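Report on the following structure.
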Protein chains: 2
Amino acid sequence: MKKKEHKECLSALVPVKDTLDVIGGKWKILILISVWEGNRHFREIERSIPKLSTKVLAKELKDMEVNKLVIRTVVNGFPVRTEYTPTEYSKTLQKVINELRNWGVNHRKEIFGK
Amino acid sequence: MKKKEHKECLSALVPVKDTLDVIGGKWKILILISVWEGNRHFREIERSIPKLSTKVLAKELKDMEVNKLVIRTVVNGFPVRTEYTPTEYSKTLQKVINELRNWGVNHRKEIFGK
DNA sequence: TTTTTTGATTACCAAAAGGTAACTGATTAC
DNA sequence: GTAATCAGTTACCTTTTGGTAATCAAAAAA
C-alpha cells in the first residue's frame with residue numbers, strides 16, 4: 001500500500017488560512033460591518049462595538065488597511081480626524097460572510113433545535 | 001439625527017461567530033480534511049498533520065465530535081483503537097470551505113500579484 | 001522480561017493575545 | 001486657565017493558547 005500524500009491537502013489549505021487571517025478572530029467582521037454601516041471615524045467605530053478596546057481596534061484597522069478592506073485618510077484639521085471608508089473590494093467578502101452566516105444558522109438547528 | 005442601532009448588526013453576527021468557532025483556528029479545517037482524506041485513527045491523523053500536538057488534536061477532536069463533524073468509536077481490542085469517521089453532515093462544510101478557499105486565492109492576487 | 005504501540009490525560013512552562021490606564025499634541029468650548 | 005475631544009501609542013499586567021514530556025493501562029512483539 002502506498003503512503004498517503006499530504007502535500008496536496010496542505011497546499012489547498014493555504015488560501016483558506018489566508019482568508020481566516022483576514023476575517024477570522026473576534027473583531028474583524030464586526031469592524032467591517034460597522035464600517036459598512038456607515039461608521040467612519042475611529043471613536044465612532046470604537047463606540048459602535050461594545051467591549052472593543054482602543055488598542056485592538058487600532059491593530060485590526062491596520063491589518064484591514066493592508067488587506068485593502070478599508071482606506072484610511074487623515075482629514076487635516078482641528079481635533080485631527082481620520083476617516084476609514086470601506087473599499088469596493090471589501091464587498092467581495094459579503095458572499096463569504098453570507099455563507100458563514102447561513103451555515104451557522106443551520107448549525108444551531110443541528111446541534112440544539114430540531 | 002437618530003442614534004444608530006447596532007442590535008441588528010450584532011444579532012446577524014452570532015451565526016457567523018458560531019461558524020468560526022467550529023472551523024476557525026489553526027487546526028480544525030486541517031483535521032477535517034485529514035479525516036475526509038481517509039485518516040481514521042488518532043495517531044494516523046496526528047502524523048498526517050505536521051506540527052500538530054497530541055494535546056491540541058485531542059481537544060479539537062472533542063470539539064468536532066460535539067459539533068457532529070466526526071463520530072468517535074472505540075474498537076475494543078488489542079492495543080485499543082479509536083476510529084474517527086467524518087459525518088455526512090460534515091460535508092455541508094465543503095461549500096463554506098470552498099468559498100473561503102476561493103476568496104483566499106483571489107485575495108493573494110489582490111494583495112501581491114496583479 | 002522488557003520494549004513498543006495504542007489513545008489519550010496531566011502537569012508544567014513559554015508565547016501570544018488582549019485589557020487598562022496613562023499620555024501625546026492640537027484645538028475648541030467653558 | 002481648565003476640561004474635553006480627536007486618534008492613537010505605550011507600558012504594564014492578566015488571560016488564553018499551545019507545546020513538551022511524563023504517565024496511564026493493556027497487549028503484542030522481541
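A, B, ... follow the sequence lines: proteins, then strands. Residue 1 opens every chain. Since this is a predicted model, take the numbers as computed values, not measurements.
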- Task: Please round to the nearest 0.5 Å and tell me the distance separating atom CZ of A/Arg72 and atom CG of A/Leu61.
- Result: 9.0 Å

- Query: Is the distance from OP1 or OP2 of D/dC6 to the nearest side-chain N or O of A/Arg47 less than 4.0 Å?
  - Reply: yes

- Query: In whole angstroms, how far is the P atom of C/dG19 from the NZ atom of A/Lys26?
  - Reply: 6 Å

- Kindly say if A/Arg81 contacts the phosphate of C/dT28, meaning a side-chain N or O under 4.0 Å from OP1 or OP2. no

- Task: State the CG-CD1 distance between B/Asn39 and B/Ile45, to the nearest 0.5 angstrom.
- Result: 6.5 Å

- Note on the structure: When rounded to whole Å, the NZ to P distance for the pair A/Lys55 and D/dC13 reads 13 Å

- Query: Just how far is it from atom NZ of B/Lys91 to atom CD1 of B/Ile97, taken to the nearest 0.5 Å?
  - Reply: 12.5 Å

- Query: Is A/Lys68 reaching over with its side chain to a backbone N or O of A/Tyr89, donor-acceptor style, under 3.5 angstrom?
  - Reply: no

- NZ of B/Lys51 versus C1' of D/dG19: gap in Å, rounded? 11 Å

- Looking across every strand, which nucleic acid part, if any, lies under 4.0 Å from A/Thr54 by heavy atom: base, sugar-phosphate, or nothing? base

- Query: Would you say C/dT6 has OP1 or OP2 under 4.0 Å from some side-chain N or O of B/His41?
  - Reply: no

- Message: Just N and O in the side chain of A/Lys59: are any of them under 4.0 Å from OP1 or OP2 of D/dA7?
- Response: no

- Note on the structure: Closest to the side chain of B/Phe42, out of D/dG19, C/dG7, C/dG19, is C/dG7

- Query: Could you give the CD-to-C1' distance, from B/Glu60 to D/dT16, as a whole number of Å?
  - Reply: 14 Å

- Note on the structure: Between CG of B/Asp63 and P of D/dT16 the distance, given in whole Å, is 16 Å

- Task: Could you check whether A/Thr82 gets within reach of a base, just the sugar-phosphate, or nothing at all, counting any heavy atom under 4.0 Å?
- Result: sugar-phosphate

- Check the distance between D/dA7's P and A/Ile45's CD1 and give it to me in whole angstrom. 9 Å

- Task: Record whether the side chain of A/Arg43 comes under 3.5 Å of the base of D/dG8 through a donor-acceptor pair of N or O atoms.
- Result: yes

- Let me know the distance between CD of A/Glu46 and C1' of D/dC6, rounded to the nearest Å. 11 Å

- Note on the structure: Across every strand shown, the nucleotide meeting Watson-Crick or G-U wobble geometry with C/dT27 (both distances under 3.5 Å) is D/dA4

- Task: Give a yes/no on whether any side-chain N or O of B/Arg72 is located under 4.0 angstrom from OP1 or OP2 of C/dG7.
- Result: no

- Item | Test: B/Glu60 and B/Lys28 ion pair at under 4.0 Å | yes

- Which whole-number value in Å describes the distance from A/Leu30 CG to C/dG18 P? 13 Å

- Task: Examine D/dG8: is either OP1 or OP2 under 4.0 Å from a nitrogen or oxygen in the side chain of A/Tyr84? Give yes or no.
- Result: yes

